[in-house]
Amino acid sequence: MTDSVASPTQMNKAPSGGWDQFNEERIVPIKKYAVRNPSLIVGLVLLFGMLFLVGIGHLIWDTEMFRPLSTPTRLAPTAEHPFGTDTQGRDLLAIAILGTPLTLRIGLIAGVVAIGLGTVAAFLSAYYRGVIDGAIRSIVDVGLAMPALLILILVRINVGRELSTDEMGIAIGLTSWVFPARTIRSQVLVMREQAYVELSRLSGTSGMGIIFKEMMPNLIPYITASLVASVAGAILASIGLEAIGLGNLSDPTLGMTIYWNIQFSSITLGMWWWWVPPLVAIVIVFVSLFLISSGLDEWSNPRLRKRV
Amino acid sequence: MTEQSEVAENSSPSKLSSFTGTSLRILSGILGNFVVKRFLFFLFVVWIAATVIFIIPRLSGQDPVKEKLLLEAQRGGAMQTGLDEMAKTYQKRFGLDQPLWTQYTNYMIDLSKLNLGTSIAFFPRTVNDIVFESLMWTLGLMGTVTILAFILGTLAGAFLGWPRRPGWLQYVFMPLLTLSAIPQYLLAMILIFIIAFKLGWLPLFGGYSPSTLPNLSWDFVVDVLRHAILPAFAIIFSAIGFWAIGMRGMMINTQGEDYMIQADAKGLKGSRIFMRYAVRNALLPQVTGLALVLGTIVTGQVLVERVFSYPGIGDILFQAIRLSDFFVIRGIVIVIILGIAGATFLLDVLYPLLDPRIKVRNT
Amino acid sequence: MVQPTIEETRLSTEQAIKTYREGARITDADALVVEDLSVYYETDNGTVKACDDVTFTLKQGERFALVGESGSGKTTLAMALMRLTRPPGHIAKGSVTLNGRDITKLSDDEMRKTRLSELALVPQGAMNSLNPVMRIERQIVDGIIDHLDDDDPKPTKEELQETVRDLLTRVGLRPSVARLFPHELSGGMKQRVAMAIGISLRPKLIIADEPTSALDVVVQRQIMQTLGRLQEGLDASIMLVGHDMGLVAQFADTIGVMYAGKLVEIGPVEEVFSDPKHPYTKLLIGSLPSLQEKREFLGIPGLPPQLIFLPEGCAFEDRCPSRFEKCQAEIPDLFDLGGRREVACHLYEEEAKS
C-alpha cells in the first residue's frame, strides 16, 4: 500500500484506481479473505466438484445411451443403469453427464453476451450522458417491461425451427442485457462522481483512459458478480423455455429432461429416478451460483463484510 | 441560497402565509405534470412493445398462420370445411396482401380497442375471451402471493441486516435464503411429489376439482384455496429469499449513513431507529426493485402454472404453444406487457408518497 | 498523496489570537474527565490504535478544541466519548467521567438516555445527518419523546410544537422550517437544525464534530457564533473537533493537538498559538499562512505514520526536526508544564520535573 492508512473509517474506501493497485489491494489479500467469505469457497467447490464428477462420467460411461430407444424403458436404477431409464428408453446417467455441462454452457454464453452488451451500454450511458444516455435509458426501461422469456417464445415460434443450444444461449443473452445495463450504469454513475475519477479527468486523461484505467479495475468485482447472476438467470430462462416445450427436442439438457418429466407425468407414475437427478443437478447449479454471486457481492461491497 | 438571504426571509413574517399557499400550488402542478409524464412513458413502452411484437414475425420471413393452416390441411378431413372460412377471415382481417404500413396501422387500431384477434386453435373464440378468463386465475394467485412475499421477505431482510438482531437469526435464515436460489417450478415439482403425491394432503394439479362446478358456494371456495396453496407456496418461498437478500443489503448500507449515527447520538430507542430510520430508508430501493423485477415474477408464475396445470395464463400459454396458436400467444404477451407496464406506472406514481425527495428530482 | 496539513486555514495566527474570547465563564468544576481512553480496531493485519491513552479534563463552561490532521483520531475520540464506536472498533481501556459518572460503565439503556440529555453530538457534515424521509419537526421531537421516563407526563402535540418552534427560533431559523424535509434546506440551515436537536434537552456537554465543514466562510462564522451563543445560554461545555486552526483559535479557550491517535499537547489557546511546545504543534502553527507576510505555503514534510505499524518510540519521530536518541526508543508521557499546559515530548522532560 502506498497510501497511509489514514483512519479506520477510511480504510474501506475504494482504491484510487489503476491495475497495479488492483493487484495489490484486491488479489493479494484474497487468501486471507477466503476464510472470511466462506460462501464464495463453498459455491466454487460445489460447482467445480460437480463439473469434476461430470468429467469422470464422460470418461467411464457410454454417453451415447442418451438417445431414445437405446435402452429398455422405465427401468428403476440397477447396476447396469445406475440412474435408471425413462419412458423413451434413454439412460438417465448419460443424460445427467451430458445435460449438466450443456445447460451450463447455455448459461455461460447468454451471461457473457448479456454482461458484455450491458457493460458497454452502461458505460456509454453513464459516462457520456446526454443523448446517448437518454436513448439507452429508454431502451432499458422499455426492455424491463418486456420479459425476456416471452420475447424468446415469440422469436422461437416465428423462427419455426428448433434452436441449437448455442443459438438459444445467444438469444437469451440478447434479450437479457437490460437489467445488468441498468445496475452497472448506476454503479458507474456513483464512481464517476468520485474524487479520483475527477482528478484523472482534470489531469487530462481521455474518456477511454478513465474508463479502462480508473473505473474498470474497481468495477471488476461488481461486474463479475453480475455475470454470475446473469448466468444463473439465463439458465433459469433456458430451462423455462425448454420446460414449456420450446427447447431442442434432441438435446439432452437438464431443461429438456424436466420437459419430458412434465410431459409424461413422471411424478404421478412414481418414477422418482427420472426427475430427481436433473433436479438435484439444477439445485446444485443454482445454489452454487447463488453462493458465488453473494460471495462476490461481499467482495465488491465491503460494507457487507464484517458487520453482519 | 446563502445564509444571509435566509436571515432576510426570516425577518419578514408577512411572507409566511403566502409562502405556504404558493408552495402548495407549485407542488400540485409538479405532481400533476409528473403523473402525466409517467403516463406518457407508459404509453410509449406499450407502443414500442407492440411494435416489436409486430415486427418479429415479419423478420423471420415465415407466416405462422399460413403454416398452421397448412399443417391442419395436411391432417385433412374434418378440418377442411372450417379451413377455407378461416383462411378467408384471416386474409380479410389482416389484409395479408396489403402493404406493411396498412397492416401495422390496422394492428395498432385493433390493439387500441384492446382487440387481440381470434384464436386459430379454438376458432371462432376470440383471444380476448380466452386470455381474460385465465387472467382472473393468474391475477388472483400472483397478486396475493407477490404482496405477501414482498412483505415477509422485506421484514426478514430487515432483521437480518440489523446489527442488534439476535445472533441465532442468521443461522436459521441464511440456509433458507440459499434454498431460495432454487427455481420456483422445481420447488413446485418437489412440493407436488411430497405433499400431493406421497402424502396426498393437497390436490396434484388444476385450479379446482374437475368434479365441482365453478360457483360461489363455500365448498368451491375452499376447493379453490386448497388448489392454490402449493403453487402459492412454491412462488412465495423463493420470492421471500429474493426480497430478504435485497433488503439485508440495503439495511447494511443504511447503517453507514450519517443519519443513522445521528439517530444513535440522539439516544433514540432501538425500535424507533429500526423502523423509522433504517427500515424506512432501506425500503425505498426495495420498492424500486419491485418495479424492476415484475417481468421476472410473471415469468416465474407462468412456469409454475405450467407445472401445476393451474388454469391461469401460463397454462394457456403452454397450450397455445403446443397448438401453435400464434394469436393467443401474441395476445398473452401483449396482456402481460400491459400488466407490467401498468404496474410500473402505478409504482412510479405512488413512489413520491414514500420518498419526499422525488418530487424535486423529477422536475 | 501528501495532503495539505491544515486545510482551508482562513485566519492569520496574529489575528486569531486577537479575537480570542474574553471574559469566558470557566468554572473550576470538572465537566468531563477522560482518562487513558483507548479505542482499538481489530483488523486482519493487526490492531489499529486509533486513539491511545488519551487523558484530558474539561471544565464546566470551557470550550475545548481538538485539532489534528485527518486520521489523527479526533473523530474516533469524539465517537468514543458518545460510546458510539462501531465494530470492529472498541473501547479497549480507560474511563470517561461525565458529571461524576463513568459512562463507560453504564448499561446500554442508561447510556442511550444519557445521550442528548447530558451530552449531545452536533455531527460532522450535517448534510446527511438528517433522516431524508422525515420532516424536521419529527426529527426534533422523537429525541425528546424517547427520553421521557415512564412516569413523566406525556407532552401534548401543542407543547411539542411549541418546543420545536422555540428551538428553531433559538438557532436562528424561522418556525415554518419545522414542516420541511431535509432536502429542502440549505447546508447552513441543516447545520442549524442539527444544533437545535443537540440543545433540545439542555445537555451539559456538546460535542461538535467539524460542524462547519463543507459550508462557505460566511456561514461558518454565523454557525460558530450561534453555537457559542447557545453554549452560553445553556451554561454548557463544548468540545469542538476540527482542523480549521483559524476557527479554533477564534472560538476555543483550550486546545488539544492530536497526532497519530495520541494527544500530544494541551494548553490555553492563546499560549499554544504564541508559544507552541511540541515540535508538531510548532510546525502546525508555523505553517499557517499570514496576512502580514506573504510566503509560500509550507506543509510538514513526511507523512503521518500508519496507525497499525506505530514505531516503538514517539510517533512523530521520523518527521521531527528536533529528534534525538531517546525519541526512537521510548514513547514520551504527557508532561505537565504547569499553567494547564501539557506536552508529550521528551524535550520537556527536564522542564516538567523542575
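Here is how names work: the chains are called A, B, and so on, in the same order as the sequence lines, proteins then strands, and each is numbered from 1.
Atoms CG and CG, on B:D264 and C:L116 in that order, are 12.0 Å from each other to the nearest 0.5 Å. In this structure, CG on C:D142 lies 5.0 Å from CZ on B:R272, to the nearest 0.5 angstrom. Distance OH/B:Y259 to CE/C:M134: 10.5 Å, rounded to 0.5 Å.
Both the backbone and the side chain of C:L121 come within contact range of chain B, each with at least one heavy atom under 4.5 Å from a heavy atom of that chain. Interface residue C:M79: only side-chain heavy atoms are found under 4.5 Å from chain B. For C:R83, no part lies near chain B; criterion is any non-hydrogen pair under 4.5 Å. Of the atoms belonging to B:L354, it is backbone heavy atoms, and not side-chain ones, that fall under 4.5 Å from chain C.
Test C:R112, C:R115, C:Q139, C:H147 against B:K266 for side chain to side chain contact (heavy atoms under 4.5 Å, CB included) and you get one pass: C:Q139.
Between the B:Q262 side chain and the C:A194 main chain, no donor and acceptor come within less than 3.5 Å of each other. Formation of a donor-acceptor pair under 3.5 Å by the C:D146 side chain with backbone atoms of B:K269 is found in this model. Proximity of a side-chain donor or acceptor of C:R86 to a complementary backbone N or O of B:Q255 within less than 3.5 Å is detected.
Between C:V133 and B:P356, the closest side-chain pair of non-hydrogen atoms falls below 4.5 Å.
No more than 12 heavy atoms of other residues, nucleotides or ligands sit less than 6.0 Å from atom CZ of B:F159. In this structure, C:D150 places its CG atom where only 12 or fewer heavy-atom neighbours from other residues, nucleotides or ligands lie under 6.0 Å away.
In this structure, C:P132 and B:N281 approach most closely via the heavy-atom pair CG-OD1, 3.3 Å.
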